[in-house]
Amino acid sequence: MSADLPTLPQTRAFLDRKLKMLIGAEWQDAASGATMSFRNPASGEVLGEVPSAAAEDVDRAVRAARQAFDDSAWSRMRPRERQNLLWRLADLMERDARELAELECLNNGKSAAVAQVMDVQLAIDFLRYMAGWATKIEGSSVDVSMPLMPNDEFHGYIRREAVGVVGAIVAWNFPLLLACWKLGPALATGCTVVLKPADETPLTALKLAELVLEAGYPAGVFNLVTGTGLNAGVALTRHPGVDKLTFTGSTEVGKQIGKAAMDNMTRVTLELGGKSPTIVMADADLQEAAAGAATAIFFNQGQVCCAGSRLYVHRKHFDKVVADIAGIANGMKLGNGLDPSVQMGPLISAKQQDRVTGYINLGRELGATIACGGEGFGPGYFVKPTVIVDVDQKHRLVQEEIFGPVLVAMPFDDIDDAVRMANDNPYGLGASIWSNDLSAVHRMVPRIKSGSVWVNCHSALDPALPFGGYKLSGVGREMGAAAIEHYTELKSVLIRL
Ligand SMILES: NC(=O)C1=CN([C@@H]2O[C@H](COP(=O)(O)OP(=O)(O)OC[C@H]3O[C@@H](n4cnc5c(N)ncnc54)[C@H](O)[C@@H]3O)[C@@H](O)[C@H]2O)C=CC1
Ligand SMILES: CCCCCC(=O)O
């Protein structure tokens, strides 16, 4: 075990127990007895192991979710009770916020201090927002008539009903937050859930499962299967008993899931990759913009779907802004996320470290200039915060998601140039504009092809604002009223009086 272990005894106790999946009311091993280990990215050491579910385990979980949805205390529960349960779950997460943050830090590498005020708090706030929605899922009535029955009277109305059994598959960059983005609307609308966390990061999902039971949810409402994407993930995606799939991860896998879902006409929402531009205009507050652009790419080690991984700066400020960001990068303290003074942790895995350093080396081969950082190191899976210049729009570094602390930077000459370059990318998740010229900003916002646009900030999220992408960045939205629509079906009712 790593020497950098958590401060809370309950966190250590959690790590020391035998971790099992939650299917129905029981904590279970995989039927085959198969297990898979997960690591502490800060040291590379094995942290523990969980069951590695196969199709038969996923089938048991889906059946438990179906049973709970079709005929249980849950299916008879009224919206106010669903509201109160979600609020109680949020309260329990708040009680155990530090433990959740330490588990996330140990399993993902991110700062425990940041995880507590960002990942855990955003998840708590979102569940409370969704608790409010439980009692506000409304239909509507409409005056209808039938031309072929002119003398008859009718009453028409529209019901919004829970979609059913939800299969949720999430990634490793925000394990708890992504799980709660799926769990919140599902539980608010009366659905039931089978969650598969990422192979690398099962810990906070397991703790969440414990809190769901402690909150008082009936058995089978929330089921947790741990396992690999190719085994448990594929089985869940293809299971005919799943009414809706919700996925966060790579665009490559998202496409596979979307295609598989259509075989069963399973409803599907996909929150995928990104290559979001940060645009620093001629009138920007340059110190604020440089600090904001650095945070936009280096927060969470750049492992953020909407990270500001492309920087476009008005030509007259380009050299200064790049130099300021490089200065911030060179001054960052990298290390174990349990140390509150650490500003950047490791990447999630050796595979991810190799992927990111591979892109940096590709930049060198293509003649780009490494303005700062540019290398990985261990033990653990660290990559220094890196800024790359002397690239052009068609570079793979500019067109492809790197998903690490690597920023590519280019100058632009006018607003049209900036908009064209920002949109010249297969992704469309987020974008930020740094300017105090409201006319220019309001002219640009409608022209930017992305699901979120931030002004003088980046990656700022609120439960009420839908989050999701244009183009290769996904289908559908997380959060907001839009999420309620994705977890419900509409039913039209017409009664001849
Ligand atoms: N948009 C985002 O938030 C994220 C984007 N990514 C991108 O994906 C790249 C690769 O990261 P990975 O961890 O490999 O992401 P991934 O997309 O392969 O894995 C995400 C989740 O999908 C599951 N999965 C994998 N293959 C599956 C399949 N065929 N069917 C069903 N489930 C499957 C995994 O077990 C995990 O739970 C990253 O470098 C990054 O570019 C990765 C994570 C999050
Ligand atoms: C706080 C930002 C969360 C972004 C969610 C994602 O990377 O999938």
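All heavy atoms count here, side chains included; hydrogens, waters and symmetry mates do not. Atoms within each ligand, like the ligands themselves, are counted from 1 in listed order.
Looking at Thr204 and Glu104, their side chains do bring a donor and an acceptor atom within 3.5 Å of each other. Using modelled atom types, one finds no donor on one side chain facing an acceptor on the other under 3.5 Å when comparing Asn361 with Glu365. Inspection of the Gln399 and Tyr427 side chains reveals no N or O donor paired with an N or O acceptor under 3.5 Å. In the model, Ser341 has a side-chain atom that pairs as donor or acceptor with a side-chain atom of Lys333 under 3.5 Å.
With a 4.0 Å cut-off on non-hydrogen atoms, Leu461 touches ligand 2 through its side chain and not its backbone. No part of Gln303 comes within 4.0 Å of ligand 2, judged by heavy-atom distances. Within the 4.0 Å heavy-atom criterion, neither part of Asp119 lies near ligand 2.
Checked against a 6.0 Å centroid threshold, the rings of Tyr487 and Trp181 do not count as neighbours. If you look at Tyr217 and Phe222, their ring centroids are not closer than 6.0 Å.
The contact set between ligand 2 and Asn173, taken as ligand atoms under 4.0 Å from a residue heavy atom, comprises 6 (C), 7 (O), 8 (O). Taking every heavy atom of Cys305 and a limit of under 4.0 angstrom, the matching atoms of ligand 2 come to 4 (C), 5 (C), 6 (C), 7 (O), 8 (O). Close approach of ligand 2 to Glu271 is summarised as follows: ligand atoms under 4.0 Å from at least one heavy atom of the residue are 8 (O).
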Pairs under 3.5 angstrom, nitrogen or oxygen on both sides, ligand 1 versus protein: list them out, please.
residue  : atom   : partner : partner atom : Å
ligand 1 : 1 (N)  : Gly249  : O            : 3.4
ligand 1 : 1 (N)  : Leu272  : O            : 2.6
ligand 1 : 3 (O)  : Asn173  : ND2          : 3.3
ligand 1 : 13 (O) : Trp172  : NE1          : 2.3
ligand 1 : 14 (O) : Lys351  : NZ           : 3.1
ligand 1 : 17 (O) : Ser250  : N            : 2.8
ligand 1 : 17 (O) : Ser250  : OG           : 2.7
ligand 1 : 29 (N) : Gln256  : OE1          : 3.2
ligand 1 : 35 (O) : Lys196  : NZ           : 2.9
ligand 1 : 35 (O) : Asp199  : OD1          : 2.6
ligand 1 : 35 (O) : Gly229  : N            : 3.2
ligand 1 : 37 (O) : Val170  : O            : 2.8
ligand 1 : 37 (O) : Lys196  : NZ           : 3.2
ligand 1 : 39 (O) : Gln352  : OE1          : 3.3
ligand 1 : 39 (O) : Gln352  : NE2          : 2.9
ligand 1 : 39 (O) : Arg355  : NE           : 3.1
ligand 1 : 41 (O) : Arg355  : NH2          : 3.2
ligand 1 : 41 (O) : Glu401  : OE1          : 2.7

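Ion pairing of Glu478 with Lys182 is present here, as a side-chain N (NZ or NE/NH1/NH2) and a carboxylate O approach within less than 4.0 Å. A salt bridge does not link Arg95 to Asp91: none of the charged side-chain nitrogens sits closer than 4.0 Å to a carboxylate oxygen.
Within the cation-pi definition used here (under 6.0 Å to the ring centroid, within 45° of the axis), Lys110 qualifies as a partner of Phe174.
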